[in-house]
Amino acid sequence: MTKSFIAGLPKAELHLHIEGSLEPELMFQLARRNNIPLSYRNVAELKAAYDFNNLQDFLNIYYHGMNVLRTEQDFFDLTWAYLEKISKQTVRHIEIFFDPQGHLARGISFETTINGIHAALVKGQQQYNISFGLIMCFLRHLEEDDALATLEIGLAHRDKIIGVGLDSSEKGNPPEKFIRVFAKAKAEGFRLVAHAGEEGPPEYIYGALDKLKVDRIDHGNASMQDPVLIDRLVAEQMALTVCPLSNTKLCVVDDMKNHPLPLMLKAGIKATINSDDPAYFGGYINANYEAISPLLADDPLLLAQLARNSFSGSFLDEAGRESLISEVNAYLEQQMSL
Ligand code: ADE
Ligand code: ZN
């Protein structure tokens, strides 16, 4: 019952790294197509390596995996595979990340990357009615000058990009390292998001809010350690893009039954459910809702609240947000009358 309720619930995905949707089978297919060696002999061996103790363990394999992405067609195929999956999960809107520096460093041009991803997104909008926004992320383990140079390149594609984000190794790379590039991105009219408080402390969330001036926080788990920060997130109605299966896979949360999401909702935080890197973490967006649902006593009102939050926390315009929230309300009403 809950599974089918979640399956039909209209929702947005606001935290998805497109390179993290690279399934092992497609990774091997592209490795063969492009003649790229992989450190694993087959899919089973690769999957066996998906046993992470922390974020860095995962990132090492994630950067290795993206080596197989070489051509515009590869980026199209990657993005299209993701869209085909979520087209069966009642996803109505997506705002997804890509990591241009992870490709530029391998000699793959910004154009190759973005044109392949964007063409698939346009097709997804036409074929599946899934609207989209594309967010270019800066890799925080690299220097700010590298991010600034990447932003400069990205400006030529501003018509395809709604925002900038900050990802990769969090600890030791605080938001303050990226003040100039975020200020420049804001001046250029981009929306701003940053991973903060995934493995890092609450101070990194303050840094993202106060120094980077973000519009949304990715993860934000560490906010639950700081009651003053909780009050602030509630007062500002700041959306958090929470990723349950990611959190347990990367040992940010020791056990799903201890996940902070129910406490976030109870406090009044605008928390949303997302899949982060679904090919590596064992499930797409509906699997993430299903993983959290028992902690919410499978309450359809709370599941619908999460879906509403995903639209109100999105970068859609007011009319777009309202229209999709109405779809959630209509769905809830119809389900409750059954
Ligand atoms: N890059 C891809 N997934 C990430 C995550 N969960 N945290 C930080 N950087 C990432
Ligand atoms: Zn992420």
Side-chain angles (χ1 to χ4, degrees), residues 12-23 27 49-67 69 78-79 82 94-105 113 117 133-142 146-147 150 163-175 177-178 192-201 204-205 207-208 212 214 216-223 239-253 259-261 271-285 287-288 291 310 313:
E13 172 138 77
L14 306 178
H15 185 154
L16 176 285
H17 303 261
I18 196 62
E19 297 90 344
S21 72
L22 178 57
E23 290 286 346
M27 193 191 295
Y50 293 0
D51 182 23
F52 314 115
N53 290 312
N54 52 44
L55 173 59
Q56 195 59 50
D57 276 359
F58 155 69
L59 289 171
N60 294 341
I61 292 195
Y62 169 82
Y63 292 122
H64 177 66
M66 67 171 75
N67 263 321
L69 299 164
L78 169 72
T79 309
Y82 166 66
I94 55 176
E95 290 172 10
I96 68 170
F97 305 134
F98 73 115
D99 283 335
Q101 288 160 294
H103 311 303
L104 288 166
T113 301
I117 296 170
L134 191 49
I135 297 173
M136 59 182 280
C137 280
F138 303 121
L139 300 181
R140 67 201 303 158
H141 67 273
L142 301 178
D146 205 307
T150 307
V164 306
L166 187 64
D167 65 359
S168 195
S169 319
E170 186 180 11
K171 281 197 223 158
N173 294 299
K177 197 174 149 184
F178 296 94
L192 310 179
V193 301
H195 284 53
E198 179 184 20
E199 283 189 342
Y204 284 25
I205 301 175
L212 303 186
V214 296
R216 197 160 70 205
I217 295 283
D218 295 315
H219 294 293
N221 296 49
S223 58
L240 302 189
T241 62
V242 178
C243 306
L245 290 172
S246 165
N247 290 158
T248 49
K249 267 300 231 184
L250 301 186
C251 306
V252 168
V253 171
H259 198 282
L261 184 106
T272 65
I273 296 285
N274 307 272
S275 69
D276 205 4
D277 302 282
Y280 292 90
F281 300 151
Y284 286 75
I285 189 160
N288 278 273
S310 74

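Counting starts at 1 for both ligands and their atoms, following the listed order. Model, not experiment: these values are computed from the prediction.
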State the [atom1]-[atom2] distance between [X] and [Y], to the nearest 0.5 angstrom.
| X | Y | atom1 | atom2 | result |
| --- | --- | --- | --- | --- |
| Leu78 | Leu22 | CG | CG | 5.5 Å |
| Asp276 | Ser21 | CG | OG | 11.5 Å |
| Asp218 | Asn274 | CG | CG | 8.0 Å |

Query raised in the report: Looking only at atom types and distance, does a side-chain atom of Ser310 sit under 3.5 Å from a main-chain N or O of Ala12, one as donor and one as acceptor?
Result: yes
Report task. Please answer whether the main-chain N or O of Arg140 pairs with a side-chain N or O of Lys177 as donor and acceptor at a distance below 3.5 Å. Result -> yes
Query raised in the report: Where do Val193 and Ile135 come nearest, in terms of heavy atoms and distance?
Result: CG2-CG2, 4.1 Å
Query raised in the report: Does a donor on one side chain and an acceptor on the other come within less than 3.5 Å for Gln101 and Asp146?
Result: yes
Report task. Dump the intermediate steps for ring-ring contact (aromatic ring centres under 6.0 Å, His included) on His219 and Tyr204, then the final yes or no. Result -> CA-CA 12 Å; His219 294 293; Tyr204 284 25; over 10 Å; no
Query raised in the report: Is the Phe58-Tyr280 ring centre distance short of 6.0 angstrom?
Result: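 Between Tyr280 and Phe58, which both carry aromatic rings, the centre distance is below 6.0 Å.
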Query raised in the report: Leaving waters out, which protein N, O or S atoms fall under 2.8 Å from the Zn ion (ligand 2)?
Result: His15 NE2, His17 NE2, His195 NE2, Asp276 OD1
Report task. Might you list the protein residues in contact with ligand 1, defined as having a heavy atom under 4.0 Å from one of its atoms, sorted by chain and number? Result -> His17, Leu55, Phe58, Leu59, Tyr62, Asp167, Ser168, His195, Glu198, His219, Asp276, Asp277
